[in-house]
Every structure is written in structure tokens, then in C-alpha cells.
Amino acid sequence: MADSSFNNLTSLARALSQPKLDLLDSPDVGPPRNTALHPARRRKLSSCNSIETIEPLTSPTTAEARVLVINTGGTIGMTLHDNVLAPKANAFVKSLRKLPILHDEMYAQQTCMYEYYGSENSLVLPLSKDSKRIIYNILEYSPLLDSSNMTTDDWGRIGKDIEKNYESYDGFVILHGTDTMAYTASALSFMCEHLGKPIILTGSQVPIYEMRNDGRDNLLGALLIAGQFVIPEVCLYFYNKLYRGNRVTKVDAGSFNAFSSPNLAPLATAEVDITINWDTVWRANTTAKFQVSTELNRNVGLLRLFPGITSATVRAFLQPPMQGVVLETYGSGNAPDNRPDLLEELKKATDSGVIIVNCTQCLRGTVSASYATGKVLMDAGLIAGGDMTPEAALSKLSYLLAKTELDLDAKKKMMGQNLRGEMKADIAGAKLALSDSRFIQVIAKSLSISCKEELEAIRDALTPSLACAAAKIGDMEALEALNDMGSNLCLGDYDGRTPLHIAASEGHLKLVQYLLGHGASVYAKDRYSDTPLCNAVRFRHKEVVKLLRKTGAHFSRDELEEAGTELCSLAAIGDLEGLEIWSLAGANLNKPGYDGQNAIQVARAVGKKEVVAFLVQLMSNKSKGVFDELNECDEYDDDENSEVIEFTASPGGR
Ligand SMILES: NC(=O)C[C@H](N)C(=O)O
């Protein structure tokens with residue numbers, strides 16, 4: 001095992017022995033820019049009357065992040081009517097505006113936030129510990145629902161709204177009642193394909209309007225995580241913990257600590273600090289774009305076994321139009337093996353094409369075929385649901401059964417596979433243990449370290465820089481070795497620059513592809529708020545830009561605003577390559593610059609006919625949809641390192 005770990009020290013040595021270490025002399029490291037307010041906002045700001053008279057509220061290192069909050073209802077926004085709790089419309093935003101921990105009115109006024117983002121539903125958190133401002137917009141549904149009233153249509157509505165707003169926000173928070181939150185979280189985790197940004201469901205047990213409540217903390221924690229960390233998962237945040245959404249279940253109706261994730265440790269804990277368990281975070285490992293599949297099949301159900309259940313009950317439950325059932329069995333997936341009447345009903349249903357998944361009634365643990373009483377269910381054609389929660393198994397069935405492009409066998413196969421971290425992956429696919437790595441062994445020995453936590457701390461301290469060094473020189477072997485020893489290839493260096501930023505800056509297409517296939521995020525921002533796409537554009541790597549765009553990378557609203565001025569400058573100097581790459585990256589060629597003229601007008605004004613012709617050609621190609629061959633992926637697909645994985649992914653980018 002040790003041979004395949006990081007024993008290829010030549011590549012490490014190569015990476016480390018570069019005369020000048022990558023980031024220090026990297027051309028993309030410039031003086032810190034003022035990311036507090038983008039120039040477009042600053043321009044607006046200068047037109048605000050009050051600006052001369054106020055103290056600046058932002059430091060040069062403050063960055064802003066944007067989060068969309070979708071308020072679907074739930075106790076968090078309820079009030080008492082006739083002695084029972086029910087949702088109250090149009091009250092939530094007004095109430096938050098009066099809470100200083102959830103809204104900084106002074107910042108909003110002084111930075112002209114409302115002029116830029118709209119005044120009705122925009123709010124901003126106070127400055128975070130990491131000097132970030134999280135601006136959030138609340139989209140309130142009508143009617144607001146107690147989550148007991150929600151259906152699959154409501155899940156579809158949430159999915160569509162996320163898809164519609166995906167490029168405008170860094171993360172999403174869904175306010176939702178707790179009663180069916182685990183179902184919605186599970187369903188969204190499957191519906192959101194190739195997800196690259198955090199979607200966090202939260203709510204509360206006591207309305208936010210009451211003096212003692214858990215709603216404020218839950219909302220604040222969810223906003224801080226959604227705005228500050230690229231966790232590309234559908235999560236659930238409650239009582240200081242962030243969970244994977246498809247691993248949770250509601251376990252307590254009367255406690256603030258209402259949810260449990262029995263088979264998976266939390267993804268993050270919010271204590272003195274917010275600590276992310278990056279090793280557990282699930283990554284799409286894909287070069288495909290985010291999309292939401294809102295088609296769900298409603299002919300699914302949950303059937304809980306109990307001693308003495310009659311075959312008539314089972315038969316009635318399995319009648320058409322039923323197409324998929326989660327059978328909640330005893331212990332490690334057991335059912336009576338002395339009840340041929342029951343087993344026959346199950347077998348008849350699976351033979352006729354109903355998918356039946358075996359999940360345990362126990363809160364913790366997995367189904368296995370260790371008992372004769374478990375094996376009979378396999379023989380009856382049931383699919384082992386591993387350690388999935390019934391909520392996850394049900395919504396997975398609903399999602400897969402709606403996929404018209406899959407035949408029954410493919411659906412059955414995928415039911416037993418891990419698609420979004422909802423069940424434990426195959427042991428056979430497990431990677432090296434950390435302590436198997438020779439590189440880590442050598443360091444641990446020289447530092448007299450033996451415990452796992454210290455080993456992990458060393459790995460996490462060293463490997464981001466090593467991975468960036470490898471990315472700088474295009475050393476694929478070193479990256480693979482780092483990946484094999486369990487390193488998280490999405491972590492950034494001291495400037496928050498990830499290996500993907502570096503590979504994109506250097507134009508190492510193969511490495512960019514490898515990193516995207518191993519959990520790297522196109523949405524990672526360095527301390528200057530630059531993404532890998534910004535870097536690839538800046539250093540003119542056309543193929544990298546295409547691949548990043550294909551994976552869903554996009555400019556921010558501010559960057560798109562600024563693009564007009566950049567395009568005008570490029571047009572004025574006749575830089576055709578620059579114009580093409582900005583266009584490839586998604587810039588609107590018609591966008592005016594600071595003086596109101598667009599690139600074509602500037603080119604005409606300075607007499608650059610070839611630029612005018614080039615821009616006209618680019619625009620007409622773009623409008624015909626043939627412009628950038630973004631959908632032509634042969635170039636990437638036939639590469640043996642390419643992993644365009646449609647549905648599966650893995651934790652920690654491995
Ligand atoms: N705590 C809550 O949110 C419970 C409420 N009945 C709901 O699920 O909407």
C-alpha cells in the first residue's frame with residue numbers, strides 16, 4: 001500500500017524545489033484590492049447624498065457575499081391565532097430589520113445597499129469574524145406553509161427558484177418547518193444535480209418573534225455558513241450543527257436539538273469558531289453544470305413492518321399505481337422468514353416491476369444480509385438500502401422513478417448506489433488510510449507524532465501548499481499522490497487560493513480537469529474575491545475558460561457590470577484575443593463602459609474596423625448558439641483521466 005501512497009517523492013521534490021515557490025512570484029498575486037465595494041457600487045455610492053459626511057464602515061479587506069433566503073414557512077415565522085400557531089405573512093423581513101444581530105441598517109444606508117440590491121427584502125449581517133459582509137435577500141412564499149402541508153410540488157418550486165437565482169448568489173438558505181424538513185432536504189439533495197454551492201435548510205422550534213427562541217441563532221448560523229464556505233451540498237443547520245440534508249431525521253418535537261444524523265457526523269459545528277469537517281463534505285466531482293430535476297414520481301410509499309402484519313395489508317399497499325416502496329424492516333434489515341404469505345406478496349410486486357427498498361426501522365446502523373430473516377428479502381427481489389434514512393430512500397425513489405431516460409434495471413441499480421452521500425460508499429472503493437501514506441509517516445516520525453488528530457493536522461497544514469505547488473508546475477503525479485493520501489484538493493493556501501485557481505492561472509487544462517473531477521469548486525474565491533474563471537480570463541487560457549464555463553463557472557454580478565469598461569479598453573487597443581476570451585467567459589458584448597459607450601462604438605470611434613467586424617461576428621455566433629462549443633466535450637471525455645460523472649460523487653473530493 002505504501003508504494004502507491006506519496007512515496008513518489010521525486011514529484012514532491014520537483015514541486016518543492018522550484019527555484020521560486022509558486023505563489024510568491026506568481027503573476028496573479030497583486031496588491032490587495034478593495035473588495036469591500038465593487039466599483040459599480042462605489043459609483044452609485046458617490047451619488048448618495050450622505051456619503052461625504054459619514055465614516056467608512058468597510059476596511060480594504062472586507063468582502064461581500066450574497067445569500068438568497070427562501071422563506072417557505074414553518075414555526076420560525078409563526079404567530080399565535082386563536083391559541084394555535086400559524087404562519088404570518090409579510091412580517092418576517094420587518095422583524096429582522098429591527099434585530100441588530102441579523103441586520104446592520106447603518107451599513108446598508110452608508111453603502112447604498114438598497115439602491116443596488118433593492119430595498120424591500122435586502123438585509124445585511126454585521127461584519128463577520130472573517131471580515132465578511134453577508135448580504136441576504138428574502139424571497140417569501142405565498143402562502144407560507146406549516147411544513148405538514150408541503151408536497152412534492154413545493155419541493156419543485158424551491159428547486160426552480162434556486163436554479164433561477166443560482167448565478168446571482170453564493171449560497172442559499174431555505175426557511176422551512178421542522179416537521180418535514182428532513183424529507184425536503186433529502187429530496188432537494190437528489191433534485192439538485194452537480195451542485196456547487198451551499199443550500200442550507202433551517203427553521204426553529206419557537207417563533208423568531210418570541211423572546212426566547214432558537215430561530216435567530218439558526219438563521220444566523222445558516223447565513224454565516226452559506227455566505228462564507230463553499231460546501232456544495234444540500235445541508236440542514238440546527239442547534240449549532242450543520243448536517244448533510246439526506247442523513248437527518250427529526251427526533252425531538254420539544255427540544256431545540258430537534259434533529260439527528262445517526263449515521264454521519266455533522267459537516268460542521270458552530271461553537272466558538274465554525275469548524276468545517278472538510279473530509280466529510282461531499283463533492284460533485286464533475287465537469288457538468290448545475291441543474292435541477294423537478295420531475296418527481298408520487299407513486300411511492302413507506303411501509304413499516306410490525307409483528308402480525310397481514311398479507312392483505314401488504315397486498316393492498318403494493319397495488320398499482322404504486323411503483324416504489326421503502327419497507328422499514330427490523331434490525332439489520334430483517335423480516336419474518338416463517339411467513340411465506342408475506343414474502344410471496346413482496347415477490348409478486350418486485351416481479352411486476354415495483355422497486356422495494358429495504359431500510360431499517362432502527363435509528364442507527366445499516367441493513368446487511370447477516371441473518372436468514374434478512375436474506376429472504378433479498379430473495380424476494382428487495383434492494384438493500386444500506387444505512388439510508390427512510391426519508392432519503394423515499395425521495396431517492398421518487399427522483400429515480402421519474403427519470404424517463406433510465407430503464408427499470410438502471411433505476412434499481414442506482415437505488416443501491418451512493419448518489420449524494422446518502423449512504424455509505426462501497427468499502428472496495430475506499431482510499432488509503434492516512435497513516436498508510438509514507439510521506440505522512442516520515443513527517444510523523446521525525447516530529448514524534450502518533451495520534452490520528454495530529455497526523456490530520458499536519459496533512460491539512462501541508463497539503464494545500466503542496467497541491468498549489470504541484471498545480472503551478474503542472475505535476476499531475478504529485479496531485480494524484482496527494483489525493484491518494486486523503487488530502488482535500490479544494491483547500492486554499494494562505495491567500496485562499498486553491499489548486500484550481502493556480503492551475504487555471506497557469507493554463508494547465510489537464511490539471512484543471514483532474515481537479516474538477518476530484519472535488520475542486522469553480523466557485524472558490526481567494527482573498528481578493530477572484531475565482532478560477534477570473535484567473536483563466538486574466539491569463540488568457542481559452543480552453544480552461546471553456547471547461548470552467550461548462551462546469552457552471554460564471555462571473556459575479558459586479559464583474560459583469562465591470563465587463564463593459566474592460567471590453568471597451570480591449571476594443572480601443574484592438575485586442576481581439578482579449579475580447580474573445582471575455583466573451584467566452586460570459587461577458588455581454590453590448591455592455592456599455594463607464595461612459596455609456598459599448599465596445600463596438602468605441603472601436604468605431606477609434607477607426608478599428610477589424611474590431612467592429614470581429615465583435616459583430618462574435619455576437620452573431622453567440623446569438624446562433626454556436627459560439628463557444630461549450631457543449632462539445634469530446635475533447636475532455638476521451639481522456640482517460642476524465643471523470644464526467646453524472647450522478648455519483650464522493651466525500652472530500654476523493
Ligand atoms: N417547528 C416547526 O417548524 C413545526 C411546524 N409544524 C412545521 O413543520 O411547520
Side-chain angles (χ1 to χ4, degrees), residues 69-93 95-96 99 102 138-159 161-162 172-189 191 199-223 225-226 234-262 266 270 296 302 363 389-392 394-395 398:
V69 178
I70 299 178
N71 182 8
T72 70
T75 298
I76 191 163
M78 289 190 184
T79 52
L80 274 178
H81 292 275
D82 301 331
N83 242 359
V84 289
L85 284 169
K88 184 166 165 65
N90 305 318
F92 201 71
V93 176
S95 153
L96 295 191
L99 297 174
L102 286 165
I138 299 193
L139 173 62
E140 181 171 308
Y141 280 1
S142 176
L144 289 167
L145 293 176
D146 184 302
S147 72
S148 306
N149 289 325
M150 289 185 96
T151 68
T152 48
D153 292 345
D154 298 301
W155 302 345
R157 181 176 179 192
I158 300 170
D161 280 330
I162 293 174
F172 300 84
V173 169
I174 317 292
L175 295 178
H176 195 290
T178 56
D179 290 347
T180 65
M181 199 188 289
Y183 289 91
T184 307
S186 294
L188 285 174
S189 77
M191 291 159 65
I199 298 175
I200 305 181
L201 286 95
T202 194
S204 73
Q205 296 282 62
V206 174
I208 206 161
Y209 310 114
E210 292 189 18
M211 187 174 77
R212 257 192 80 245
N213 72 80
D214 54 334
R216 291 173 208 169
D217 277 351
N218 287 345
L219 176 57
L220 181 62
L223 283 169
I225 295 177
V234 175
C235 313
L236 187 150
Y237 182 83
F238 225 83
Y239 201 59
N240 304 325
K241 289 201 169 61
L242 184 79
Y243 304 102
R244 177 168 303 151
N246 55 33
R247 288 294 198 150
V248 286
T249 191
K250 184 170 176 182
V251 290
D252 200 325
S255 163
F256 285 168
N257 195 3
F259 288 91
S260 172
S261 169
L296 293 167
L302 288 161
L363 187 59
T389 60
E391 292 94 327
L394 186 79
S395 53
S398 181

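Whatever order the structure lists ligands and atoms in, that order sets their numbers, starting from 1. These numbers come from the heavy atoms of this one structure, side chains and all, not from hydrogens, waters or symmetry mates.
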Using a 4.0 Å cutoff against the non-hydrogen atoms of [X], which atoms of ligand 1 qualify?
{"X": "T75", "answer": "1 (N), 2 (C), 3 (O), 4 (C), 5 (C)"}
{"X": "S147", "answer": "7 (C), 8 (O), 9 (O)"}
{"X": "S204", "answer": "1 (N), 2 (C), 3 (O)"}
{"X": "G177", "answer": "3 (O), 7 (C), 8 (O), 9 (O)"}

Can you tell me if [X] and [Y] form a side-chain donor-acceptor pair at under 3.5 Å?
{"X": "T75", "Y": "Q205", "value": "no"}
{"X": "D146", "Y": "S148", "value": "yes"}
{"X": "S189", "Y": "N246", "value": "yes"}

Original post:
Which residue holds the protein heavy atom closest to atom 1 (N) of ligand 1, what is that atom called, and what is the gap in Å?
Top reply: T178 OG1, 2.7 Å
Do any nitrogen or oxygen atoms of [X] lie less than 3.5 angstrom from nitrogen or oxygen atoms of ligand 1?
{"X": "K250", "answer": "no"}
{"X": "D146", "answer": "yes"}
{"X": "S148", "answer": "no"}

Original post:
Does NZ belonging to K88 count more than 12 external heavy atoms closer than 6.0 Å?
Top reply: no
Original post:
Relative to the ring of Y239, is the ring of F256 parallel (under 30°), tilted (30 to 60°) or perpendicular (over 60°)?
Top reply: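 Aromatic pair F256/Y239 classed tilted.
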Original post:
Under 4.5 Å between any side-chain heavy atoms of I199 and I158, yes or no?
Top reply: no
